[in-house]
Amino acid sequence: MKIEKIQALSGSNIWSIRRKKLIQMRLDLEELENYPTNKIEGFRERIEKFLPSLITHRCSEGVEGGFFHRVETGTWMGHVIEHIALEIQTLAGMDVGFGRTRETKTPGVYNVVFNYIEENAGIYAAEEAVKIAMALVEDQEYDLNDCIKKLKEIRESVRLGPSTGSIVEEAVSRKIPWIRLGTNSLVQLGYGVNQQRFQATITGKTSSIAVDIACNKGLTKRMLHDAAIPVPIGDLITDEIGLENAINKINYPIVIKPLDGNHGKGSSINVNNWEAAKIGLEYAQQYSKKVIVEKYITGYDFRVLVINNKMVAAARRVPAHIIGDGQLTIQQLINKENQDPRRGYGHENVLTEIEVDKDTLELLEKLQYNLETIPQKGEVVYLKSTANLSTGGTSIDVTDMIHPENITMAERISKIIGLDVCGIDIMAENLTQPLKESGGAIIEVNAAPGFRMHLAPSEGLPRNVAAPVVDMLYPPGRPFTIPIIAVTGTNGKTTTTRLIAHIVKSNGYRVGFTTSDGIYIQNTMLSKGDTTGPLSAEFILKDPTVEFAVLETARGGILRSGLGFSQCDIGVLTNIEEDHLGMNDIHSLKDLTRVKRVVLDSVKKNGWSVMNADNVSSMKIINDLDCNVAIFSMDENNPYIKRFSKEGKIVCVYEEGFVTIKKGDWKIRIGKAKDFPITMEGKARFMIENVLAASLACYLNGFGIEDISNSLRTFIPSAQLTPGRLNIFKFKNFKVLIDFAHNPSGYEAIEDYLKNIESNKKIGIISGVGDRRDHDIRECGKIAGRMFDYIIIRNEKHLRGRTEEDINGLLMEGIQSSGRNVSYEIIPKEIEALKHAISMAEEGTFITALSDVISNAIDLVQEYQAKELQEDIKV
């Protein structure tokens with residue numbers, strides 16, 4: 001077997017709209033294509049012994065053991081690898097269950113698709129699943145434990161922490177989109193101007209001053225003391241003299257901790273003698289030069305969580321410990337405790353595995369114990385000096401037991417320090433009594449407190465503490481997204497996108513839009529190039545100044561990564577024509593339709609799909625969409641238009657020279673098409689189609705007819721505003737048209753336009769695109785032969801797997817089949833071809849350059865224009 005390609009999809013895609021995180025592996029089975037599992041001796045027995053947990057995979061059988069039954073009766077190795085990849089992720093603590101395996105048009109080559117939780121782990125699972133399958137086929141050894149361990153390590157290195165993850169999950173449950181910013185725990189909720197950011201449990205609303213106060217334990221303690229809140233007495237010291245003075249003042253037992261520490265790092269608890277105190281000072285100064293020495297308060301360790309100045313949860317924290325049975329050693333008891341299914345690696349489970357470290361050994365030494373000591377039956381041996389869950393501690397929910405006076409005090413503390421998300425550490429015998437009665441004290445106040453102890457306590461009720469965070473960021477009525485219009489199709493996407501963006505901008509919104517030319521915000525290009533993929537969409541949605549997004553969404557990005565947005569309000573499908581066929585397993589219009597409809601399937605249920613009623617392929621999916629549908633047409637008598645009008649639905653048509661919105665029997669005319677500059681006085685029918693699509697989308701979004709009309713009148717096509725979209729340059733004796741048309745339907749649109757152009761000689765500069773089918777290249781040549789009097793064939797910069805001779809030969813075959821005796825020549829370089837065409841121009845000549853490198857062609861033509869102007873000035 002051979003892996004040809006692995007790609008990670010992260011948005012809605014051709015395999016699933018709902019399951020966005022999918023690995024797609026293109027796998028060549030090679031000789032194994034001839035050997036389904038029932039023809040490989042002993043394979044069923046080996047895979048069942050190796051991964052017995054696959055018994056839970058129901059597969060298409062729909063019953064437990066269904067997958068094993070498929071193996072028994074015979075299935076292909078791609079299907080087996082799909083299930084192995086799913087199962088090893090699940091065994092590594094990433095519960096996944098969706099998969100598809102489909103053969104491509106190439107015999108023996110399959111697309112193996114399965115979902116993932118962490119991208120790097122999913123890719124690793126794909127690679128290892130192939131190795132495991134080969135080991136099973138060849139009856140070779142494979143270390144599954146090592147594979148699972150590696151998957152866990154990958155997962156822990158990249159996954160969101162439990163606190164961050166819980167907030168994301170809560171947001172997702174409310175359909176709030178999210179974007180991970182970088183590789184750490186910085187997350188954006190929502191889009192554009194309505195976004196909110198948080199990292200761990202620090203939000204964009206968290207005061208930096210409050211964080212500084214909380215990190216400065218001395219200042220925190222002083223502020224709380226001044227507010228009559230009980231805190232342990234103590235001093236801030238820097239050396240042994242200060243340590244000695246502090247001990248003389250407060251007496252043993254004491255706590256020593258770094259001024260700027262967190263998570264219990266550098267802390268020594270319940271210190272009872274001078275030698276231990278000196279060691280504690282040295283340990284604390286590894287983290288901070290300044291050290292706090294304070295009275296050790298007896299009692300239990302409690303954490304109270306306050307969010308948005310309201311107490312939401314409380315837990316009693318217990319340090320990692322074991323309970324003796326009179327038979328097992330401490331190490332054996334630790335091993336036994338770590339076998340608890342609730343414990344896992346890192347943050348994968350409710351509890352974390354207990355690791356033996358310096359803190360553990362020092363605590364045991366104080367008891368004159370070691371790891372081989374056998375504690376008495378019932379004896380509790382603490383293994384950590386702090387109760388952090390990350391070091392193996394446990395938690396007990398006590399939210400419902402906390403005294404109202406203690407609740408009020410906790411909420412006061414959050415306001416005194418100024419934290420919107422505040423963790424308060426309390427040492428007390430209980431929280432059922434006011435602290436002033438129980439003798440308890442506030443030990444610390446924490447910014448970015450962990451949520452895990454509340455989300456999944458070892459005992460007691462779990463508390464959804466992520467919900468109040470999201471409530472705080474997005475109170476009722478506050479929007480979390482911005483309007484999104486996504487435009488897809490074969491031809492007309494970029495112009496339609498620009499038209500919509502212009503209408504939106506003209507009506508007072510700060511618009512961000514993506515096109516095949518670049519990324520723009522308010523018509524300022526921020527990134528140049530083909531930016532029609534998910535990363536470009538994300539660029540717009542991450543920008544905190546954008547109020548409205550218009551996103552050109554092309555085939556390539558959808559196939560490569562999926563959509564870059566969760567849902568859109570309006571999806572526009574301009575048309576579906578034969579283009580890019582034979583690439584990426586897209587071989588037919590049906591395949592291409594499956595790609596394009598991903599955008600329409602991602603429209604909100606109450607949103608709109610805008611579709612071309614004149615396009616046969618588009619209309620084939622009109623009844624399959626789970627949203628509102630509106631259509632446009634160049635023909636008022638189009639059968640779909642008549643049907644929609646009869647049903648009282650909204651349509652947009654070109655009738656009697658007008659662009660018109662219709663609903664039922666009434667009409668609202670936006671204006672005459674010839675009055676909109678983009679239509680070239682109504683001569684460019686394909687531009688009128690773009691106007692129909694854009695007008696309908698904007699009308700459905702709520703823009704007024706007059707506002708749409710005025711905007712269309714002010715959209716002046718030019719090389720700067722619409723590069724490569726019917727750009728016409730006028731000279732004294734001739735004209736030059738530059739357009740991006742590169743497929744048969746694009747050529748036909750230019751042909752239709754040129755029929756309306758009076759010219760005594762029409763010169764065409766054409767080329768063939770190397771990654772298109774022979775038929776497509778030949779058809780472009782044929783259409784060129786029909787519309788031009790003289791043709792210059794030039795070569796693309798990137799041949800994409802073909803030779804110049806091959807491409808040019810197909811174009812010449814097409815020209816010769818056009819039915820006209822058209823002269824042509826070959827000039828390989830585009831610039832030289834354009835220069836030659838201009839040198840041939842006579843009075844009334846119309847040159848059409850169908851170019852792929854638009855900027856180069858435009859620069860050259862504008863250079864010639866400037867020279868002509870200079871010559872006129874001299875004269």
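Treat the numbers as computed from the prediction; the structure is a model and nothing was measured. Keep in mind that the numbers below use all heavy atoms, side chains included, and drop hydrogens, waters and symmetry copies.
- Applying the ring pair (Phe, Tyr, Trp, His ring centres under 6.0 Å) test to every pair with at least one member in residues 170-225, sequence neighbours left out, gives no pairs at all.
- Put simply, CD1 on Ile402 and OG1 on Thr432 are 10.0 Å apart, with the number rounded to the nearest 0.5 Å.
- The two atoms that bring Ser163 and Pro449 nearest to each other are OG-O, 4.3 Å, heavy atoms only.
- A salt bridge links Lys257 with Glu294: the closest approach of a Lys/Arg side-chain nitrogen to an acidic carboxylate oxygen falls below 4.0 angstrom.
- Not a single donor-acceptor pair under 3.5 Å links the side chain of Asn308 to the backbone N or O of Lys310.
- If you run side chain to side chain contact (heavy atoms under 4.5 Å, CB included) between Leu383 and each of Ile330, Leu361, Asp359, Val356, only Ile330 comes through.
- In this structure, a donor-acceptor pair under 3.5 Å is absent between the side chains of Lys21 and Ser10.
- Counting heavy atoms from C-beta outward, Leu364 and Thr373 have side chains that stay 4.5 Å or more apart.
- For Glu244, there are no side chain to side chain donor-acceptor pair (under 3.5 Å) partners, not counting sequence neighbours.
- Put simply, the side chain of Glu437 never gets that close to the backbone of Gly439: no donor and acceptor are under 3.5 Å apart.
- The salt bridge (charged side-chain N to carboxylate O under 4.0 Å, His left out) search around Arg19 returns none, not counting sequence neighbours.
- Glu153 and Lys149 are joined by a salt bridge, as a carboxylate oxygen and a charged side-chain nitrogen come within less than 4.0 angstrom of each other.
- By the side chain to side chain contact (heavy atoms under 4.5 Å, CB included) test, Ser173 pairs with Glu170, sequence neighbours left out.
- The heavy-atom pair separating Val445 from Cys422 by the smallest distance is CG1-SG, 3.6 Å.
- Proximity of a side-chain donor or acceptor of Asn406 to a complementary backbone N or O of Gln433 within less than 3.5 Å is detected.
- By the 4.0 Å N-to-carboxylate-O rule, Arg463 lies close enough to Asp400 to be salt-bridged with it.
- Screening residues 318-328 for salt bridge (charged side-chain N to carboxylate O under 4.0 Å, His left out) gives no qualifying pairs among residues at least two apart or on separate chains.
- Sorted by first then second residue, the ring pair (Phe, Tyr, Trp, His ring centres under 6.0 Å) pairs that include residues 381-403, not counting sequence neighbours, are His321-Tyr382.
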